[in-house]
Amino acid sequence: MTNAAGILINGFFDILLIPFRTLPHFWGLLFISLLSGLGMIMVFKFVSNQDKILRLRRRMGGEILGILLHLSSPGTVMNFAGKLIWSNTLYLGYLLKPLLVIAIPFMLVWGQLDARYGSAVMDESDPVTVTVFFENGLPLKDSLQIGVSGLELIPPVLFIDTLDEASFRILPLGDSLPNLKIEGVSIQVGRTGSWNGCRIHRGFDSGNSLKRLLTPWIARVDRMPEGPGSGYYSLPDVRYGVLGGYWSWIAVFLLFSSLSAIAGAKFFKVKI
Amino acid sequence: MIALLLFAGCATAYVGPGAGFGIVTSFLVFLNAIFVSLLSALIWPVTMLIKLLRRRRREYVRTAKRVVILGLDGLSPDITEKMMADGKMPFLKKLSDEGTFSRLSTTCPGISPVAWSSFQTGVNPGKHGIFDFLAPDRKRYLAKLSSVQTGTAPSAAGLAPFRRTVMRPFVKLLRKSTPFWTLLKRYGIRSTVLRVPITYPPEPLDGHLLSGMCVPDLRGTQGSYTIFTEDEPGHSITGGLWRRLQKLDENRWSAELPGPENTDGEHAAVKLELDTRGETAVLTINEGNLKLEKGLLSDWFEVCFRSGRRKVRGISKFCLTKDSEGKPVLYSTALHVDPYFPSIPISHPVHYSRYLAGLYGPYATMGLAEDTWALNNGAISEETFLKQAWSIYDERKKMFFDALERTADGLIVCVFDTSDRIQHMFWDNGSGEGSPINEMYTTMDSLIGETAEKLGRNDMLIVMSDHGFTSFHTCIDFNRWLLENDYLFLEDGVETVETSFKGVDWSRTKAWSMGLAGIMLNLRGRCGNGIVEPGNDASTLLSEISGKLLKLENSNGERVISSVYLSENVYSGPYVSLGPDLVIGTERGYRSGWSCVTGGIGKEIIYPNDRKWNGDHCHDHRLVPGTLASNVKLNTENTTILDIAPTVLRALGVAAPEYMEGKSLIGEGAHK
């Protein structure tokens with residue numbers, strides 16, 4: 001079920017980003033940011049009680065003005081401050097419903113963007129460290145079987161017995177999609193496609209939980225008794241050149257989704 | 001869902017636009033509340049020190065920590081005394097027994113703008129310059145509002161070197177002299193002044209002020225309602241506008257609601273759509289929906305107009321009824337200035353109106369808020385009018401009690417107009433049990449009781465009215481009288497004049513009447529086409545007109561004019577010349593005719609008043625004194641409305657300035 005939902009969501013975003021496949025990463029990120037800002041503000045409009053929010057906002061405005069108009073009277077100011085804090089609590093209460101409704105699509109979008117625009121693709125000049133965890137204990141050092149495709153394994157393989165953890169480095173070769181095979185477990189490493197905006201795996205897991213929907217940057221692998229249960233790769237973060245600075249995808253997303261939400265709120269007369 | 005939230009990871013820091021903004025701003029609000037509270041506590045010693053220093057200027061020891069003036073416009077001592085005797089006004093009776101109750105002489109004439117101007121300044125009209133609702137433009141023989149001047153004036157705009165002169169609108173208060181609350185500022189005494197007539201535009205004071213009578217509606221008038229019907233009415237509408245309801249289908253209509261006037265002279269308008277499907281009709285304006293219960297007045301509804309590049313926001317109430325053919329009739333009150341987004345200054349400081357609207361919701365802001373014209377014209381029922389009047393009363397009460405709660409010492413003045421409007425429109429119903437007037441007096445008594453309950457031991461309560469009331473069953477057309485007595489002449493072929501003296505032959509006219517009680521001479525040098533020489537000629541003419549007017553009788557041979565005053569005998573001060581030359585005091589039941597007030601000339605001198613407006617106070621001012629009551633024993637000998645200002649100042653320890661003509665009603669002593 002979770003798996004099917006994950007495939008659906010991944011597929012949906014893949015389709016959504018088709019026009020941006022050949023464009024630099026930034027444009028796809030910008031598009032999703034603007035779209036999600038707008039979408040979420042509309043969800044907020046229809047889920048929240050706009051009349052109540054408007055009335056409460058005005059009352060809070062009155063209470064703030066009450067403070068300003070009676071500055072010379074500390075008693076009155078305290079009284080209004082208390083009322084304001086209470087109104088604020090009520091306001092947060094009014095936000096709860098839209099917040100809960102928005103939270104799920106928001107986290108799905110967050111995960112997709114993190115998976116697609118959070119990490120750089122593997123570079124032939126920059127080895128990546130792979131760390132794998134064995135749930136049923138580390139295999140013997142000499143018997144660990146690691147197969148690679150489209151990759152070069154850079155020895156040595158380090159074992160940490162106390163953590164049931166093994167670690168080694170890899171380097172991509174050519175344009176083919178890289179693949180690892182550890183103790184019979186096939187693992188997709190790095191990008192899932194050859195186009196811009198595809199998901200980039202930064203780890204793998206054999207579990208099957210709801211968490212997977214929110215972390216599409218973790219590849220799902222089959223569980224094998226002797227094989228690794230999970231692992232991650234040290235892919236570098238991507239930085240985007242915006243307004244003369246180097247921004248993480250989170251900063252770009254927050255900025256542009258907020259801008260589009262503000263514009264949407266103004267245009268569609270949404271009371272926040 | 002909870003599981004998803006637990007796995008939210010980074011998302012916990014940010015929950016999306018919308019709710020995310022809400023949470024961030026909530027946090028800021030919380031921080032601000034704490035910060036401002038601390039700031040207030042820190043600056044309190046400084047403000048207290050300044051206040052103490054200012055209060056040392058007081059000439060007397062104050063007798064009251066707080067003076068609360070409850071102004072009940074038009075509360076008649078005749079009715080009050082009777083109802084007190086009948087045990088119907090127990091709270092006022094208590095004030096009377098323990099403190100003061102007396103009649104309060106009003107100004108000449110006893111008209112609200114005149115009386116309330118004298119109340120606030122403590123001087124006669126000759127010193128504050130307000131003699132009537134309307135002031136004659138003597139050069140053009142036109143009526144204009146006596147207390148406010150609006151227009152455009154050149155003003156500098158932009159920064160050098162791009163500075164340029166543009167025409168900007170202005171609004172100016174024409175009432176002269178100084179209200180007593182302005183004087184209190186010098187003594188560090190704060191005031192809250194609510195809806196006192198003739199306080200528009202608001203003047204600065206130490207405290208808060210919400211303007212009252214003469215605040216215009218969005219169309220710039222003193223109140224014009226809108227009536228929407230499918231068919232054009234067969235008569236002109238005074239005090240309102242008609243707009244056609246365009247039928248869209250069986251249950252839907254559309255129309256345009258006209259708003260403020262643009263610079264090109266056209267009215268900005270918004271489109272409205274009425275849908276009568278279902279139990280309740282739905283009115284849509286500016287994408288907002290208002291549910292209308294058929295026959296019931298709605299709550300305030302916000303309407304936003306685009307006037308040039310500006311947004312002008314107003315509020316209005318709506319009522320949907322049906323005509324005799326079952327077609328919809330939609331009524332919209334005058335477009336009040338939205339107190340939350342005021343497009344003109346209606347309070348001091350400007351945020352005060354927003355503060356009140358934020359805490360208590362939208363409220364009527366127009367000067368004459370109750371729609372008396374709509375009731376006069378039959379556009380609304382008596383029930384709807386009363387509902388409107390009482391809802392305005394409720395709004396005012398909330399503001400007043402807010403001021404009582406927030407003002408620990410100083411002055412609070414609040415004027416309620418409901419008493420005046422209900423008596424104007426329901427006088428003929430009498431004041432017996434079950435009548436609107438009876439209900440109004442008992443409600444006002446309850447208000448007095450509630451107010452008294454909120455006062456401390458050292459607070460002084462003054463309950464007062466600017467004038468009393470009597471009936472108005474017959475109109476007197478003074479211009480017709482002047483015409484028939486050869487003081488006023490019409491051009492050839494003109495028999496009657498609807499308004500503004502159109503068709504009057506000024507080359508022969510010696511006198512004219514405008515406003516509710518005044519006659520002006522067509523004086524050379526003062527009037528546009530003046531022919532009467534100032535001096536002896538004018539004096540002789542005035543004596544002659546006075547003598548003849550006093551002899552005016554109705555068809556039963558009864559006198560209808562009880563007094564005629566020469567302005568120089570009743571007024572003194574620098575602005576006497578702005579007033580009428582003669583002030584006419586009519587007998588009970590008689591008042592200046594409707595069209596005569598604005599320069600019209602009808603067919604008869606004396607004719608019945610056929611309007612719903614059947615109670616009035618624009619008669620001989622001696623017939624309509626106001627009411628004065630207090631929880632403090634006051635000197636009640638020959639009390640006049642001019643005495644209130646010196647009394648309040650004295651109670652707060654301040655000596656009345658010499659120019660004030662009234663006397664303090666508080667006993668002497670306690671001099672500092």
Asker: What part of A/L71 lies closer than 4.5 angstrom to a heavy atom of chain B: side chain, backbone, both or neither?
Answerer: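 Contact with chain B is through both the backbone and side chain of A/L71.
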Asker: Charged N to carboxylate O under 4.0 angstrom, A/E63 versus B/R354?
Answerer: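 Between B/R354 and A/E63 there is no salt bridge, as every charged N stays at least 4.0 Å from the carboxylate O atoms.
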Asker: Taking CG in B/D299 as the centre, count heavy atoms belonging to other residues, nucleotides or ligands within less than 6.0 Å. Is the count above 12?
Answerer: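 No, because the 6.0 Å sphere around CG of B/D299 holds 12 heavy atoms or fewer from other groups.
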Asker: Can you tell me which portion of B/Y360 sits under 4.5 Å from chain A's heavy atoms? Options are side chain, backbone, both or neither.
Answerer: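 Looking at B/Y360, nothing touches chain A.
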Asker: Sort A/N79 into side chain, backbone, both or neither according to what part of it lies under 4.5 angstrom from a heavy atom of chain B.
Answerer: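 Just the side chain, heavy atoms under 4.5 Å.
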Asker: Measuring from B/L359:CG to A/R58:CZ, what's the distance to the nearest 0.5 Å?
Answerer: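 If we round to the nearest 0.5 Å, B/L359:CG and A/R58:CZ are 13.0 Å apart.
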Asker: Tell me, do B/R406 and A/F80 make a side-chain contact under 4.5 Å, heavy atoms counted?
Answerer: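 B/R406 vs A/F80: side chains touch.
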Asker: Working to the nearest 0.5 Å, report the span between NE2 of B/H208 and CG of A/L69.
Answerer: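 Between atom NE2 of B/H208 and atom CG of A/L69 there are 4.5 Å.
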Asker: Considering only heavy atoms, which portion of A/K269 lies under 4.5 Å from any heavy atom of chain B: side chain, backbone, both, or neither?
Answerer: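 Only the side chain of A/K269 comes within 4.5 Å of chain B.
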Asker: Side chain, backbone, both or neither: which part of A/S72 has a heavy atom under 4.5 Å from chain B?
Answerer: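 Its backbone and side chain both get close to chain B.
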Asker: If I take atom CG from residue A/L65 and atom CG from residue B/L356, how far apart are they, to the nearest 0.5 angstrom?
Answerer: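 Interatomic distance, A/L65 CG to B/L356 CG, rounded to 0.5 Å: 10.0 Å.
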Asker: Any heavy-atom pair between the side chains of A/I67 and B/Y355 that's under 4.5 Å?
Answerer: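 Side chain of B/Y355 against side chain of A/I67, heavy atoms only: no contact under 4.5 Å found.
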Asker: Could you give the distance from NE2 (A/H70) to CZ (B/R190), rounded to the nearest 0.5 Å?
Answerer: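 Going from NE2 on A/H70 over to CZ on B/R190, the span is 6.5 Å.
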Asker: Please find the pair of heavy atoms, one from A/G61 and one from B/Y340, that lie closest to each other, and give the distance.
Answerer: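 Result for this residue pair: CA-OH, 3.8 Å.
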